[in-house]
Q: 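So that we are looking at the same thing, I have put the structure below in structure tokens.
We name chains A, B, ... by the order of the sequence lines, and we start the count at 1 in each one. Note that the structure is a prediction, hence the values are computed from the model and not measured.
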There are 2 protein chains.
Amino acid sequence: MGNEIIKYLSKYTSLSNELAEIVLASTIIKNFKKGTILLKEGDISKESYFVLKGCVRSYLIDNGEDKTLDFHTEEQPILPISYGKETLSEQYLECIEDSILTVNTPEHENEMFLKYPQFESVCRIMTEVMMSNFQESFVNFKTTSPEERYLFILKNRPDLLQRVPLFQLASYLGLKPESLSRLRKRLVKNKRL
Amino acid sequence: MGNEIIKYLSKYTSLSNELAEIVLASTIIKNFKKGTILLKEGDISKESYFVLKGCVRSYLIDNGEDKTLDFHTEEQPILPISYGKETLSEQYLECIEDSILTVNTPEHENEMFLKYPQFESVCRIMTEVMMSNFQESFVNFKTTSPEERYLFILKNRPDLLQRVPLFQLASYLGLKPESLSRLRKRLVKNKRL
DNA sequence: AGCATTTCTTAACCCAAGTCAATTTTTATG
DNA sequence: CATAAAAATTGACTTGGGTTAAGAAATGCT
């Protein structure tokens, strides 16, 4: 447990064995019980994460309504919107399963940058990769209907349907639970899905 | 013209006078006529931009349908989704006004990083800022209705309504032109807007 | 200026999502 | 295991966006 983060970094940036050792040695891994709130509205976000095991839901309360922004599962980074900023978070992060996460802070990062300047490059590239992936998610959301989004999840993250309650999935897809219920019914009827 | 980019960088990162000079001296500024396509489907994206003057529309053709992803105007960076990646772009970038842009390439960046290692830090921070802003845009889009999005534009980027044809604004808001037309009519009727 | 093209608006109709309310199913908990 | 609570479904009704088609308004062009 823990070298997943090296595997992940290596996918996008060439990491020397030396630097891999350093990253691995300085990575903080923590366990969180299901239900743990990692970040809540009004907090200042001081940590970013990487999911080794489990599932973290990102959401916000908008006019009293709980709206899921994302589900983070194995091998995915979690970068809070206000991470490293002074502004108060509107975002919540909740472990919806027992989870094992690497935990990172701006202070820790800066320390690493000073000690190992090559690490700055790794982080810049990773942020660029995350930006690119995130842009793709946005495009995907913007150019598809709720039905297409549901089918996309079914195809690309089928595990989510087992791990996540439907009413949370609904808000993730931009729907009310009742509508997701009807959408699913419609699919079964029309396409024998 | 050109020191806007320094002003922009300085908003988010502390730039030494020396580094500011260097950035300014090595910044490439180009003029583009209205209608210029900076990036098109199938291209490999080799340039990122910063708008000094004008307007660049980002869009893609999805099932034959033109869908606007963003409008980039003065003081805004343009980071193509596939910038620096090997993958073929699905995205288009078009100057919808005569525009003055700074032009940047991965090669140029890497050169700068080698010569001026502090510049890597500037770029990392800028990418983090862009990531954060972009996440906020996504949240905004995901948690609002087309009407709310229209009112948001009206409030926060009123210039767009003068600069951009409504049918392009419609797809930006996630609507068909006919629906935007009705939406606007509805607003006038109900809220005397 | 005059004509063609593009953009914008309007109307009628359909369908999917929202709303509200009630019920069923599933899950948690003593 | 029984009961309460939470989650999911269903139904009736409203509303707003998509579709198609037509016409009006604005813009471009020679």
Q: Treat primed atoms plus P, OP1 and OP2 as sugar-phosphate and everything else as base, then score nucleotides 17-24 of chain C 5' to 3': B for base contact with protein heavy atoms under 4.0 Å, S for sugar-phosphate contact only, - for none.
A: SBBB----

Q: To the nearest 0.5 angstrom, please state how far the CG atom of B:D43 sits from the OG1 atom of B:T87.
A: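 Between atom CG of B:D43 and atom OG1 of B:T87 there are 11.5 Å.
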
Q: Just so I know, are the side chains of A:T102 and A:N104 near enough to count as touching, which here means a heavy-atom distance under 4.5 Å?
A: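 Contact flag for A:T102/A:N104 side chains = no.
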
Q: Under 3.5 Å, is there a donor-acceptor pair between the side chain of A:S14 and the main chain of A:S10?
A: no

Q: Is the NZ or CZ atom of B:R149 positioned over B:F152's six-membered ring, under 6.0 angstrom from the centre and within 45° of the axis?
A: no

Q: Can you label the angle between the A:Y8 ring and the A:F50 ring as parallel, tilted or perpendicular, going by 30° and 60°?
A: tilted

Q: What's the CD1-C1' distance between A:I96 and D:dA6, to the nearest Å?
A: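 Taking atom C1' of D:dA6 as the reference, CD1 of A:I96 is at 15 Å.
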
Q: Does the protein touch nucleotides 23-30 of chain D at the base, only the backbone, or not at all? Give it as B, S and - per nucleotide, heavy atoms under 4.0 Å.
A: --------

Q: Nearest 0.5 Å please: distance from the CG atom of A:N31 over to the OG atom of A:S99.
A: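 Rounded to the nearest 0.5 Å, the CG-OG separation comes to 9.0 Å.
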
Q: Nearest 0.5 angstrom please: B:D70 CG to A:Q135 CD, how far?
A: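 One gets 9.0 Å once the value is rounded to the nearest 0.5 Å.
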
Q: Do the side chains of B:K53 and B:E4 get close enough for a salt bridge, i.e. N-O under 4.0 angstrom?
A: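 Result for this pair is no, no salt bridge flagged.
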
Q: Would you mind telling me which of B:M131, B:H72, B:M130 makes a side-chain contact (heavy atoms from CB on, under 4.5 Å) with B:L79?
A: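 Of the listed residues B:M131, B:H72, B:M130, the side-chain contact (heavy atoms from CB on, under 4.5 Å) partner of B:L79 is B:M130.
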
Q: As an exercise, state the distance from OH of A:Y150 to CG of A:L183, rounded to the nearest 0.5 Å.
A: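 That separation rounds to 7.5 Å.
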
Q: What are the residues of residues 155-163 of chain B, sorted by number, that bring a heavy atom to within less than 4.0 Å of DNA chain D?
A: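 Heavy-atom contacts with DNA chain D come from no residue of residues 155-163 of chain B; none.
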
